[in-house]
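Keep in mind the model is a prediction, meaning the values are calculated, not measured.
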Amino acid sequence: MTAAADFPPETDAPDTRGADDNETPTVAEDAATTTGAAADADVVAAAEDTAEADRPAEDGLAAETGESEQTPDDAGSAGSEAAGVEVEVVEIDVVEVVEDSEVVAVEVIGVADVVEDGDVVAVEVVDVVVETAPSDDEPWGRVDEDGTVSVREADGWRVVGQYPDGSAEEALAYFERKYNDLASEVTLLEVRHRRGGASASDLRSTARTINGKLDGAAAVGDLASLVARVAALTETLAAESATEAVAAREAVDDAVKSRTELVEKAEALAARDPRTVQWKQATAELNALFDQWQSQQQNGPRLPKSTAQQLWKRFRDARATVDKHRRAFYAELDEAHKGVRDRKTRLVEKAEALASKGEDGIPAYRELLDQWKTAGRAGKKVDDALWARFKAAGDALYGARIEREAADAEASREKIDLKRALIEEAKAVGDERDITKARSILTGIQRRWDEIGRIFPRDTERSLDDELRRVENALRSREDADWKRNDPEQKARANDMTRQLNDAIQKLEDELEAAKKSGDKKAIANATDALEARRTWLKALGG
């Protein structure tokens, strides 16, 4: 028979449950118990029909070792190559197959589901655990004439329930299915342990639940072996739980350390001087710390309640302090901005009032600009808006100047040509040897230059003035040199010097003549050098 064993017939049998808690099953209870096994058994039952050729080898191996293992990849590829078509692998966590008095609990069954005319043509069994049913010689259960069913245990027979409205075989089959359900739960627990992923503490909790079901279970089968398996697994899980507890404590210690670091960073932000804090950056840093806190709280281990509350209180207080300082800073800043905004608004109004003065309002606008520079800041948006108005008022004033200069430049074109002609004429001053006449020519040119008047733009005027000034400076240098030469006092001094040099030269000539006669070479050399020097000085004086 398969895991989807026959349900008890629907009857109106009364509930005869006695004081010893023996059960008389109803149709609803039986259906609730066997629904999961039936759903899984349908898949295997379909696979059994097409995998009959492979069953003898698997059955022999199962009887010998209790398990049958095959690599999913090898089996899947072999099945695919044999079929030559696409396959779909389906995994079933736990399936129970009752065949030839054996309970086969399959851990993972990969069904290479090749559908040809609606049939499954390949089955892959990865891990099989076989529960041997009681043999005919040593039955695990018995049925009395009144339908009372008992299970054989180490200390004798124990009544598990009644099945009055069916045959003895149906009664045993029903309670054997109850046993198979319990065996499936034990096998599933062992499979979960082998696969990993579940914590040992969770598995121990499940083991305790299963153990409670096995204690006085209303089922027919080797309940003692199930109890032994659960006990062995519980012992293993106890050791693993100790290891997990150590790891959990270490994880909690690390989490407390990480959480404390976040708290200390937040408190460091709160301890800073609010006047020196860059609040945009500080707010971003605090938000990042809070995000890390939430991430550790959601993804990290659960901290002891007292420690978690203490750390959170510190972190919360630090955030509150930072927020308080930030709000106070911006409140003070808003107040300061308000005063600056009022001052700059008044400056803008004064600048706009200068528009009627045109170019003449530029000096007053410059004074307002100096006050603007020292007024402070009123916030970027407000400053930008007020500056736009202030600058527009100044642009109007300077625009009037630009218009006037443009008109002046247009009117100065003829004047520029006239002054350039005068500069050409002034070049004759440098060629005139008579200084008095040269001065007269330059004076006439300067008089006509002034009559022409100022010209625009100013750069052109300065360039023309510089050219005429070079002519004036050259003539003035000539006049200074001539005056020095014709100064009476200087002439008298020069004549006196000339006379003295002539007397000295005459005296040195006499000394040189006497030295030559005496043949004194040293005296001759001294007299010659002195005589040359005096003659050079005399030549310099024009003598």
Side-chain angles (χ1 to χ4, degrees), residues 93 189 191-209 233-341 376-385:
D93 287 342
L189 180 62
V191 169
R192 290 179 63 195
H193 177 249
R194 287 199 302 274
R195 285 183 178 177
S199 67
S201 59
D202 291 342
L203 294 178
R204 288 181 69 190
S205 176
T206 304
R208 284 193 295 270
T209 301
L233 183 58
T234 302
E235 184 178 354
T236 302
L237 292 174
E240 294 179 358
S241 296
T243 303
E244 285 184 355
V246 173
R249 285 193 296 271
E250 292 178 352
V252 169
D253 292 341
D254 292 340
V256 170
K257 182 179 179 181
S258 299
R259 206 77 63 88
T260 303
E261 290 177 355
L262 295 180
V263 171
E264 291 174 349
K265 290 179 180 179
E267 290 175 340
L269 286 176
R272 295 169 61 182
D273 186 353
R275 294 170 296 180
T276 63
V277 174
Q278 296 291 332
W279 285 107
K280 184 176 182 180
Q281 179 181 354
T283 302
E285 291 178 4
L286 189 59
N287 289 338
L289 293 176
F290 183 63
D291 291 340
Q292 295 178 44
W293 180 283
Q294 289 184 315
S295 177
Q296 292 183 15
Q297 190 176 40
Q298 294 171 1
N299 304 321
R302 187 179 184 86
L303 303 187
K305 185 175 181 181
S306 60
T307 302
Q309 289 180 342
Q310 181 184 10
L311 290 174
W312 170 245
K313 182 179 183 303
R314 291 173 59 190
F315 190 84
R316 182 189 59 199
D317 292 345
R319 289 182 69 202
T321 301
V322 172
D323 186 61
K324 177 182 176 182
H325 290 169
R326 181 176 60 83
R327 284 188 280 106
F329 174 81
Y330 281 111
E332 182 179 352
L333 187 63
D334 287 342
E335 189 66 25
H337 283 175
K338 182 179 179 182
V340 174
R341 182 174 64 249
R377 297 188 61 82
K380 180 174 176 56
K381 291 184 178 179
V382 175
D383 269 343
D384 290 345

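When side chains are defined from C-beta on, T206 counts as touching R192, because their heavy atoms get closer than 4.5 Å. The shortest distance between side-chain heavy atoms of L189 and H193 does not fall below 4.5 Å. Using a 4.5 Å cut-off on side-chain heavy atoms (C-beta onward), L269 and K265 make no contact.
Residues forming a side-chain contact (heavy atoms from CB on, under 4.5 Å) with K324 (at least two apart in sequence, or on another chain): R327. With sequence neighbours excluded, the residues that form a side-chain contact (heavy atoms from CB on, under 4.5 Å) with A200 are L237, E240, S241, E244.
Atom CG of L262 sits about 11.5 Å away from atom CD of Q294, to the nearest 0.5 Å. With rounding to the nearest 0.5 angstrom, the OG atom of S306 is 7.5 Å from the CD atom of Q309. Distance NZ/K381 to CG/D383: 13.0 Å, rounded to 0.5 Å. In this structure, CZ on R259 lies 4.5 Å from CG on L303, to the nearest 0.5 angstrom.
Between F290 and W312, the two ring planes are tilted [angle within 30° to 60°]. Relative ring orientation between F329 and W279 is described as tilted, the plane-to-plane angle lying within the 30° to 60° band.
A266 and L289 get closest at one heavy-atom pair: N-CD1, 3.7 Å. Here the closest non-hydrogen pair linking A270 and A318 is CB-O, 3.7 Å.
A side-chain contact (heavy atoms from CB on, under 4.5 Å) with V322 is found for one member of T283, D317, V277, L286 and no other, namely L286.
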Applying side chain to side chain contact (heavy atoms under 4.5 Å, CB included) to R314 and L311, what does each step give before you reach the verdict?
CA-CA 5 Å; R314 291 173 59 190; L311 290 174; 4.2 Å; yes
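For the salt bridge (Lys or Arg N to Asp or Glu O under 4.0 Å) condition, no pair includes a residue of residues 284-306, sequence neighbours left out.
Between D384 and K380 there is a salt bridge, with a side-chain nitrogen of the basic residue lying less than 4.0 Å from a carboxylate oxygen of the acidic one.
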